[in-house]
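Worksheet: the structure to be examined is printed underneath.
All chains are named by letter (A, B, ...) in the order of the sequence lines, taking the proteins before the strands, and each is independently numbered beginning at 1. As the structure is a computational prediction, the values presented were derived from the model and not from experiment.
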Protein chains: 2
Amino acid sequence: MMTAAKTPRFDIVGQALSDASRTRMLCELMDGRAYTNKELASAAGVTAQTATAHLRLLQNADLIVAEKRGRCVFNRLANEEVARMLEQLAVIAPSSSLHHVQRRKAGEIAQVRSCYDHLAGPLAVAMTEQFLARGLLREENGAFAVRPGEEWQKLGVTLPQKLGRQPFARPCMDWTERKLHVSGPLGKQVLSHALERGWMQRNTHKRGLTLTGPGRRALQEILDLNCGELINA
Amino acid sequence: MMTAAKTPRFDIVGQALSDASRTRMLCELMDGRAYTNKELASAAGVTAQTATAHLRLLQNADLIVAEKRGRCVFNRLANEEVARMLEQLAVIAPSSSLHHVQRRKAGEIAQVRSCYDHLAGPLAVAMTEQFLARGLLREENGAFAVRPGEEWQKLGVTLPQKLGRQPFARPCMDWTERKLHVSGPLGKQVLSHALERGWMQRNTHKRGLTLTGPGRRALQEILDLNCGELINA
DNA sequence: AAATCCCTTCGATGCAGAACGAACTGTAAT
DNA sequence: ATTACAGTTCGTTCTGCATCGAAGGGATTT
């Protein structure tokens, strides 16, 4: 049975987010990969015992899930909603250094990076703008409606039979660009296809990605994107 | 060489969200309207002193903004991004999965409502504009000067002998319209008269009001107001 | 078997902050 | 002028919890 219209318990999640050690761990997890207890302890700058307590708390708040493998425990974000919530949180959360400086400093932040399981950053924003300009996507009251097009196939996207029903493409706010890019199953397919084809490679330990020559050419050909303007490396 | 940590400080916002009293207040504010300290204290179930501390904390986290007006302090969400973040948070937060949080979209908030003891909302704003256009009110350095007129009588307003002495009509900022409407004794008389005559009725629970047929006709006749344009119910 | 490593549990410590009563400031009503 | 009311400040109490040292389990290696 459900209780009568009670207020959402923001405080339970907020409690989990209220400690700097825990949020440092979450930032580490935002690339969608799994990290061990020890790695996250090191990222947060605390001992393993303390990390254990933190990770249990994050688990109880359903922000992460843990998987035991041998003597290690792999932790990852519980689901995409958690990642989206964190991205939205980043829009309003103050940063250790200045936001504006971050954006302008070339190369300090990866121009191409992943956001949980999909592309983010200027490249993702530019691609999304192309999708919208070509009528492949339409923004409809805060959601993305997907229209068929040969570009999807070239990007490795398999469209579902029934378009427009489920959230196949979701708008996701990029916190450095403050513009929309595509998440959801569509965004996920685009990234995994790009990684398979060697269009880009994951950097060490972070969400950064490196766009390769073939990737540059592929995006130029499929979407007429001039990646040289975006990534001045 | 690792650059200095530039991770977003999720914990600062999380800290603000970590207390149930504060999140109850935020839930109350999610309709986009402004509430006083006391109202929020009551919504959170704490005393006024405690609410003061909470509200200051929320201000420092840039989640809300406060504006002093008279002896009251009106608090509202700082911006649209905060509302979006809270909505995204509601997706994660327990016990919120079914009840979609009511955030202000166009026309979602009562078009006719009360603000303590006087009318507010688009209807009140439209009436005030009529008062000004007909010369019944004049804005003088931030205050309303009242001029005599037969409309006042028809609206149930008894003017005091000495006009202009004390603030008989005060300008009151409507938070959703961002325009002025009339408070003070004059606004109070208008509302109580309208309720007496059955021009409108109080809704359950909130400050919402329902404009009745006779009320619609009365306002049409007295002020030439077309209420149909305002209230699309 | 012993050694090593990852993680957890337990206990102690110390700090942060949520709550309210009492008292105070300033504004509005009568 | 007096009263009532909204909000704040201060001091106190009490609970929660982040942290680490020490010690214990379980898995893998030597």
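Salt bridge Arg217(B)/Glu221(B): absent, no basic N to carboxylate O contact under 4.0 Å. Ion pair Glu81(A)/Arg84(A) flagged as a salt bridge, since at least one NZ, NE, NH1 or NH2 atom sits closer than 4.0 Å to an Asp/Glu carboxylate oxygen.
With DNA chain D read from its 5' end, the first of the two nearest nucleotides for Ser18(A) and Ala48(B) is the one closest to Ala48(B). Place Ser21(A) and Lys38(B) on DNA chain D by their nearest nucleotides, and Lys38(B) ends up nearer the 5' end. Judged by closest nucleotide on DNA chain C, Thr36(A) is the one of Gly70(B) and Thr36(A) placed further toward the 5' end.
If you walk DNA chain D from 5' to 3' and mark each nucleotide with an atom closer than 4.0 Å to a heavy atom of chain B, the marks span dA4(D) to dT9(D).
Taking only side-chain nitrogens and oxygens, His54(B) never comes nearer than 4.0 Å to OP1 or OP2 of dG17(C). Using a 4.0 Å cut-off, no side-chain N or O of Thr47(B) falls inside it from OP1 or OP2 of dA19(C).
For Gln153(B), the CD atom is loosely surrounded, since the number of other residues' heavy atoms within 6.0 Å does not exceed 12. Around the CZ atom of Arg138(B), the shell of radius 6.0 Å holds no more than 12 heavy atoms that belong to other residues, nucleotides or ligands.
To the nearest 0.5 Å, atoms CD1 (Ile12(A)) and OG1 (Thr23(B)) are separated by 9.0 Å.
Note on the helix from dA1(C)-dT30(D) to dT30(C)-dA1(D): terminal axis deviation equals 30°, with five pairs used at each end and the result rounded to 10°.
Here dC7(C) presents its C1' atom at 11 Å from CG of Asn75(A), a figure rounded to the nearest Å. Put simply, CZ on Arg56(A) is 11 Å from C1' on dC10(C), counting in whole angstrom units. One can place CG of Asp11(A) at 13 Å from C1' of dA18(C), the figure rounded to the nearest angstrom.
Side-chain contact annotation: Asn37(B) with Thr52(B), donor-acceptor N/O pair under 3.5 Å present. Side-chain contact check for Thr36(B) and Glu39(B): at least one donor-acceptor pair (N or O, by modelled atom type) lies under 3.5 Å.
Side chain of Asp19(B), nearest nucleotide from dC20(C), dA18(C), dT8(C): dA18(C).
Taking 4.5 Å as the limit, every side-chain heavy atom of Leu63(A) sits out of range of all side-chain heavy atoms of Leu29(A). Taking the side chain as every heavy atom from C-beta outward, Val73(A) and Glu67(A) never approach each other to under 4.5 Å.
Of all the heavy atoms in Asp11(A) and Asp19(B), the pair that sits closest is CB-C, 3.7 Å.
The base of dC5(C) sits with one of its N or O atoms less than 3.5 Å from a complementary donor or acceptor on the side chain of Arg71(A).
Among the atoms of the strands shown, only primed sugar atoms or phosphate atoms (P, OP1, OP2) are found under 4.0 Å from some heavy atom of Leu57(A).
Contacts with DNA chain D (heavy atom under 4.0 Å) in residues 58-69 of chain A: none are found.
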Point to revise | Stepwise side-chain contact (heavy atoms from CB on, under 4.5 Å) test for Phe144(B) and Thr128(B) | key: CA-CA 10 Å; Phe144(B) 276 153; Thr128(B) 304; 4.0 Å; yes

